[in-house]
Amino acid sequence: MEVRLDAFSSTDFNVKEWLNQQFASLDAAEAFGTGGTLQAQTQKQQNASESMTQRLTTQLHILATNAQQGSDRIKARFRHQAAQITRDIAALARLIGDTQKHMAGLTAEIEAQQPAARAVENLVHIGTARHRLQRSVAALDHLRSYTDLPQKINTLIEDGDLAQAWRLVDSIEVDADGRGERRKGSAGPESDASAIGLSEAADIEQYKERVAKAAMDRLEKAVREQNAEKASELGRLLASHSHGSKVEQVLIKIRADSGMERLQPALDSLASDGDIGNILELVADLVEQDRVFIDAADEQASAAVLTEQLLTVYVEAMHPTIVAKVDGFQKKATNSSSDNENETGSDDMASAAVLDLYQALVRFYSDIAETLRAQGGLSVGASMLDSETVLLQPVPRSLQLVFEPFVQFMRNGLADCHVEAIRTGSLRRLARVADLGLSSDEIFTREAPECILEVFLDVDRAISRAFTFVPSSALPAAVSGVAGLVSDVAGIIAGRLDAIANRCGIPALAFADPTALVLPLASSSAIRQPLASEDKLMTVSAIVGVSIASRLFDQCATALLSSIARRWEELVGVLERRYLSGEGAAEDNTTTMQLGALMEACTTPAEMVAMASRLVKATEKEPPGIGTISDALSMVGRRTASAVVYALAAPFSAPLVRIPQLRAWHSERESVSSMNIHVPLFSCSPSEEAVDIGEKMHILLPELEQVEAIDQQELRVAHMGGEEDELQSLFAHIITWLPSAAELQEGLVDALAPPIQNMLSLVLAVVLRCICRQICSIEPPLSASGHEQLLADVDYIASVVASFASPSCQEFDVVRQCLLRSSDSEQETLVNEAEAEAEAGLDAESEAAVQTRKKMKALLAQQQPPS
């Protein structure tokens, strides 16, 4: 139960209601705590009522005491402040009175000043009217000047004062912009000037266009009259008013039209086979004049671009002429070679004409680039390769138009034209000489060397042009195509040799192995006769005549190999220096890079650099054409050497053929002769075949000397006998190219000995090998007499050979050893000794010697040596 003081101060306080509320709250508290019996509950309620009454009475006394004390304090405070409150009320009364007096004075003053206020208001209205009148006058003045503006502008244009006319238009535009800004910033109604209805923006644009048109007309006139000073002035005026691009367009158009007026008649009058040099000089002169005029017209910033555009215009006009000329040359060559087979070299003349035109255009473009170098124009090749930006620049349009007609020709057609020209020219003449030589060997000997020299001169010129003009990526195919002509020459020489072989009975296998002397020969026996016979002499002369062509072919083809290898190495160096290492920057400009990129079908020099890197890596392989030429060299050299050796050794074939069929190998010789005379068994004479072989060996050296004389005579017939020709000697050529030379020449060729001596040793070694083959062909077993006869024949032949030469033939040595030591134990000892020598690093037996030992062992099996 809480007793609040503010409840007693309320205006609607009722003592009864308040008491009832207090007791009601007491009853509620007691009811909440009831429990137990009825008597106990009644007793508790009585005790609570008495306690409640006492507490309520006590609180009321305390509340009354507090209220009295508060009232006393308030009364005491009021008694102390009453005087001050009275003084404040009096001062407030005085202030109110003074205020009333002041208000009364102001009211009187206002009533006195009412006429003056009305006068001020009238003055404000007058000022506003005056301001509006001034604005109207200004609008009328502006309208008057605006009406006179076209006349003023026309007058300035007619007087040529375009700068003043443009300043007038600019001032009106600035004035209009100022008024527009003031109107935007004004909160009131629009000005009188805007109310007039002038469409200032549209009219000012018309004035601008009128002045700009007048300036462009005068600029065109100045450019046509080549008045660079006036053109420069007008150009700056137009550029200052955002018409710079139009200035460049006018320069390009007028200068191009003026140049074409001079160029087109020259192009029209140029015949299909006329010289384009005059036109190139004219274009170069036009470009130089354009450059000078552009410089004088203060267009240095875009001079290179403008010059490139003008050059492109002129080149576009020349492009059809260039294309027509290139196509015309090619068609003329095709028609000439197809319609008239007797006309040779048409393709070569066509390619030469195309190359002359190409070189003329290269000089033309290079001269222009050199002339424009000072301007630093990337599009005309004036800048050096000193930044990646230059490498990324595309190939200029003018250069594309000039050289595009040559791209396919250089990549594919140039080498083909040269090949076709040589085939229908010098190579055809060589083939005709070879055909005529079938009836006359002297014709081939006399005329073939000159034709071969002519062919190789043409081939070397074609190779040189390929390395000069053909793009690097297409160069291997081009060089290989030209090198294929060397194989054609080799085929003609080989064909001539085959014809002689068929005529005189040299078997085809002899060209691969000159030791095949025992093969069945053709019906003609001329080749088997001694050199003293007329038929054999003519045959050897014909073969020697072919050998002169072969030796000349060897010399020319070897020189061509060196030339290709040298040029290939130089190409690698140029690619590395120009495109990869950067060392060639002082000599290579952008034009060179761009032209190289165009010919390689690259869009930018950067792509050309990447391609050059790939080409340099590819050049690490064998240069193109080397393999083809080397194969042709080997084929001709081997066939010629085999033919000469076979011709010298062919007389031995008759006794050699009879060796395996002799009855002496299998029969026993009687010790009593037909005259009943006892003949000792140890006295065994060489057989007729061995004696025949020995006699032929004895005349071999004189025959070699005679062959040397024939060679000198044939050289004089071929006009190749002079010191300046320096052909390899016949015998040196044979020793170089003879098949199996590595086996036959071992221990035979002495660098200090005369060639004829080495040749004798070589031919004897060939004959000895043939003898070994025939001995190994004897059917086993040998009789004791046969063994003795065979040993006597071998010893006789060895003594003949040793009398004038010391050839080394392992197979013949093996045969002698086997015959001397024919028992099984001795044969086994020979094998062991041979194996020991091979293991000791001494002279190891060749495969042919090993096979010969096996055959001899089979031949001598179960055969006792003679007593």
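Just so you know, these numbers come straight off a predicted model, no measurement behind them. If you read the sequence from its start, that first residue is 1, and numbering goes on from there.
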Rounded to the nearest 0.5 Å, what's the gap from [atom1] on [X] to [atom2] on [Y]? Could you check?
X	Y	atom1	atom2	value
Leu701	Leu760	CG	CG	5.5 Å
Phe444	Asp435	CZ	CG	10.5 Å
Leu762	Phe731	CG	CZ	10.5 Å
Glu703	His698	CD	NE2	13.5 Å
Cys504	Ile543	SG	CD1	5.0 Å
Leu819	Met856	CG	CE	4.0 Å

Is the side chain of [X] donor-acceptor paired with the backbone N or O of [Y] at a distance under 3.5 Å, no angle test?
X	Y	answer
Ser541	Leu537	yes
Ser487	Ala483	no
Lys696	Ala649	no
Gln774	Leu656	yes
Ser634	Ser630	no
Thr424	Ala421	yes

Taking atom [atom1] as the centre, does [X] end up with more than 12 heavy-atom neighbours from other residues, nucleotides or ligands that are less than 6.0 angstrom away?
X	atom1	value
Lys536	NZ	yes
Gln661	CD	yes
Gln359	CD	yes
Met538	CE	no

Please determine, by modelled atom types, if [X] and [Y] share a side-chain donor-acceptor pair under 3.5 angstrom.
X	Y	answer
His733	Ser550	yes
Ser464	Asp460	no
Gln789	Asp793	yes

If I compare all heavy atoms of Arg446 with all of Val717, which pair ends up nearest, and what's the gap?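 Distance-wise, the nearest heavy atoms are CG-O, 3.4 Å.
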Closest non-hydrogen atoms of Trp665 and Pro660, given as atom of the first, atom of the second and distance, are CD1-O, 4.1 Å
Taking C-beta and beyond as the side chain, do Arg461 and Asp458 meet within less than 4.5 Å on heavy atoms? yes
Side-chain heavy-atom pair Phe553, Leu633 within 4.5 angstrom cut-off: yes
Partners of Asp711 by salt bridge (charged side-chain N to carboxylate O under 4.0 Å, His left out), sequence neighbours excluded?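 With sequence neighbours excluded, Asp711 shows a salt bridge (charged side-chain N to carboxylate O under 4.0 Å, His left out) to Arg551, given in chain and number order.
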Testing [options] one by one against [X] for a side chain to side chain contact (heavy atoms under 4.5 Å, CB included), which residue passes?
X	options	result
Leu704	Leu648, Leu531, Ile699	Leu648
Leu427	Val459, Ile452, Leu485	Leu485
Ser547	Thr445, Leu730, Leu497	Leu730
Val455	Val489, Val486, Asp488	Val489

